[in-house]
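Below: one structure, written as structure tokens.
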Amino acid sequence: MDKPRLRFAPSPTGYLHIGGARTALFNWLWARKTGGTFVLRIEDTDVARNTRESVEAIFTAMKWLGLDWDEGPKDADDQGGGPNGPYFQSKRLALYREHADKLIRSGHAYRCYATKEDIDAARMALPEKLRASFHFQSPWRDKRAELDKPHVVRIKAPSEGEVSFDDLVFGTIKVPAHTLRDEILIRENGMPLYNFGCVVDDLTMGITHVIRGKDHIINTSPQVLMYRAFGAKLPTFGHLPMLMKNSKEKLSKRDGAVGVGEYEALGYLPDGLLSYLVRFGWSFGDEELFTKASLAEKFDWDRVSKSDGIYDFKKCKAINQKFIAKLATIDELAKGSIKPLADRSLIVSLSDPRLVESINTVRERAETLVVMAEAMDFYLRDVPAMDDAAVTKFYKPEVADTLEKLAEFAATHVVEREARTMSFGEHQKALEEALRTFVTGLGIEMKAIGQPARVALTGRGASPDLASVMLVLGPSVSARRLRDGAARARAIEPAAAGAP
RNA sequence: GGUCCCAUCGUCUAGCGGUUAGGACAUCGGCCUCUCACGUCGGUAACACGGGUUCAAGUCCCGUUGGGAUCGCCA
């Protein structure tokens, strides 16, 4: 048995939509699971809507997701050197024409000289009720017209029997042949129409599995007709349920983050996004977190569902959060945080020891890399940004002395990074213990000084635990910040602080 | 309207003839606690409806209702 060949064939009319990414993923998965080939083809026959930026956006998004392709263009400038190239449809025009001619010669297709106006006129001549289901019958269907006039090429659809195909997800789908029309193969301008270009390419590229969105089920029957006309074997079809905005509408551009690029900017991890997307239409027991490698192993068609799903941004975020908290490697997180940190004008080197330590203290509470960078901000800045509300709430003259003492404590108890003899976690535990003992020894409760100390150390009312914070900051920075806090607290007017 | 397709908590889903119908997100409440989270314990919450088949139906069949796709010289 030959190895499967699958393809993802986006049209570059915008960024890569998450629905498209889901389709690409399923194709990629099957190729990787079976040791088959994953082909990337660009369907750019709609000259009016295609842009170079879109082509680039698609490549960028695919690469970011880690969905690598075995055949296809390397970038927007590359035609794609593979054995079945070129992989841009706009570069394959002669091939479509050639195949259309072949069908004309074999009597499966014909030149039609009817113009759009003719067809519209015919439609409008009908009673209004019948217009929607109007079926254009070309007068050129059985004429041997040789006119050198503008024309389209149409396939001759049978009027009897039925057209059927097997679908990996939906089973056998059949449709009465008479409901199919004489689909246009080649437009008047010489460009192929989607269904034809798609079939010719899949045929000539040796595609064995056509996996795409459910909205293409309707296109499959006419395509089956084309395969038949060529006398070719049908590929295996598989249609995936749609991603909906709600029970009535498809997910569209206006519904928030739907472009893959946005997820990258938002601070999502590729596998986090993919884990969420793959569960749209596929499940593996109760598992929700997957890496691409584990998916390539587990994926199978019998667990793909048929019904459309409503996209839930909250759940997507929650999955990503779990990835950041648990599954992602520290290396991944470190690399991923560089950009969001830079966006806050924090230029940090990957080799900065504070980076990994900070990440480890905040990853549990960050749903995205951007949020994580925000949470790490105070570690990496000389003077942390002070949250006014937290300052007003927790800085009181009466805490000044304690903060002063805590500064002493920090200076003497926080172990310098270079002097550590145990793991960060062990030092953190020891320091936490010492801190508690120290505070209790002062005759006060942790509760009374925790928040003021936190504001002094981090500038905010919420952060990782104090011991972790001090350990990452180091003794001198911790002490300095606590002293500064003491000074500021002391300067607060008691009256003002107590005023309503 | 024609054709095709779908139907378990609010959402994503598990279930593949016998279950107290499970999990996750969301939501509500408790615990933990130096804050926010994390974690943890618990609550609310679903088989669209009607007929069959069967000893037994969320699971199989038919119908109804609801929903989606599509009906372009777009992809």
Side-chain angles (χ1 to χ4, degrees), chain A residues 9-13 43-46 48-50 89 112 114-116 119 129-135 150-154 167 170 173-176 178-181 183-189 191-195 197-198 212-221 239 241-242 244 246-250 276 279-289 302-303 305-319 321-322 325-326 362-367 375 390 394 432 435-436 439 445-455 458 460-467 469:
Chain A
S11 66
T13 55
E43 306 213 329
D44 57 346
T45 52
D46 185 356
R49 296 200 302 157
N50 295 327
Q89 286 194 323
C112 172
T115 62
K116 262 191 236 184
I119 299 170
K129 287 226 167 190
L130 296 170
R131 286 178 195 166
S133 55
F134 171 61
H135 219 126
H151 63 272
V152 299
V153 178
R154 288 178 186 274
D167 190 288
F170 290 90
I173 293 179
K174 20 182 127 176
V175 47
H178 74 268
T179 63
L180 267 22
R181 28 172 235 162
E183 199 89 4
I184 288 176
L185 270 23
I186 305 281
R187 296 179 249 213
E188 204 175 286
N189 69 5
M191 291 295 239
L193 210 51
Y194 168 73
N195 275 329
C198 178
R212 67 237 295 203
K214 207 173 101 178
D215 46 342
H216 285 284
I217 286 187
I218 206 84
N219 285 323
T220 310
S221 300
H239 290 92
M242 308 297 292
M244 308 288 286
N246 53 43
S247 61
K248 293 187 199 300
E249 301 163 86
K250 273 206 281 189
Y276 179 66
R279 288 273 312 202
F280 258 91
W282 180 81
S283 61
F284 195 78
D286 288 334
E287 282 185 47
E288 293 194 314
L289 270 24
D302 57 4
R303 306 191 69 90
S305 78
K306 302 178 176 77
S307 42
D308 297 341
I310 298 172
Y311 195 82
D312 184 354
F313 291 99
K314 278 187 183 162
K315 174 104 186 192
C316 183
K317 201 181 259 191
I319 295 289
Q321 175 165 6
K322 290 190 183 185
K326 300 190 172 66
V362 299
R363 63 185 293 181
E364 287 271 305
R365 68 204 77 218
E367 51 200 13
F394 298 112
E432 187 167 49
L435 175 65
R436 194 168 298 279
V439 169
E445 283 185 292
M446 257 327 265
K447 227 187 261 294
I449 197 60
Q451 284 300 81
R454 169 163 288 105
V455 175
T458 70
R460 50 182 87 181
S463 82
D465 68 275
L466 296 176
V469 168

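Reminder, nothing fancy here: chain letters follow the sequence lines and each chain counts from 1. Side-chain atoms are counted along with the backbone in the values below, which use heavy atoms only and exclude waters and symmetry mates.
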Can you say whether a donor on the side chain of A:Lys315 sits under 3.5 Å from an acceptor on the base of B:A26, or the other way round? no

Does B:C36 have its OP1 or OP2 closer than 4.0 Å to a side-chain nitrogen or oxygen of A:Ser463? no

Just checking A:Ile310: base, sugar-phosphate only, or nothing, at a heavy-atom cut-off of under 4.0 Å? sugar-phosphate

Using a heavy-atom cut-off of 4.0 Å across all strands, would you classify A:Thr115 as base, sugar-phosphate, or nothing? base

Is there, by distance only and without an angle test, a donor paired with an acceptor across the side chain of A:Arg454 and the base of B:C34 below 3.5 Å? yes

Is any side-chain nitrogen or oxygen of A:Arg436 closer than 4.0 Å to OP1 or OP2 of B:C34? yes

I need the A:Thr13 OG1 to A:Asp46 CG distance, nearest 0.5 Å. 8.0 Å

Are the ring of A:His216 and the base ring of B:A75 both nearer than 5.5 Å at their centres and tilted by less than 30°? yes

Hey, does the side-chain of A:Asp286 have a donor or acceptor N/O within less than 3.5 Å of a partner on the base of B:G22? yes

Tell me what A:Asn195 touches on the nucleic acid: a base, only sugar-phosphate, or nothing, going by heavy atoms under 4.0 Å. nothing

Looking at every strand, decide which applies to A:Val152 at a 4.0 Å heavy-atom threshold: base, sugar-phosphate, or nothing. base

Is a donor-acceptor contact shorter than 3.5 angstrom present between the side chain of A:Glu288 and the base of B:C25? no

Validation row, ring centre A:Phe313 to ring centre A:Tyr276 under 6.0 Å: no

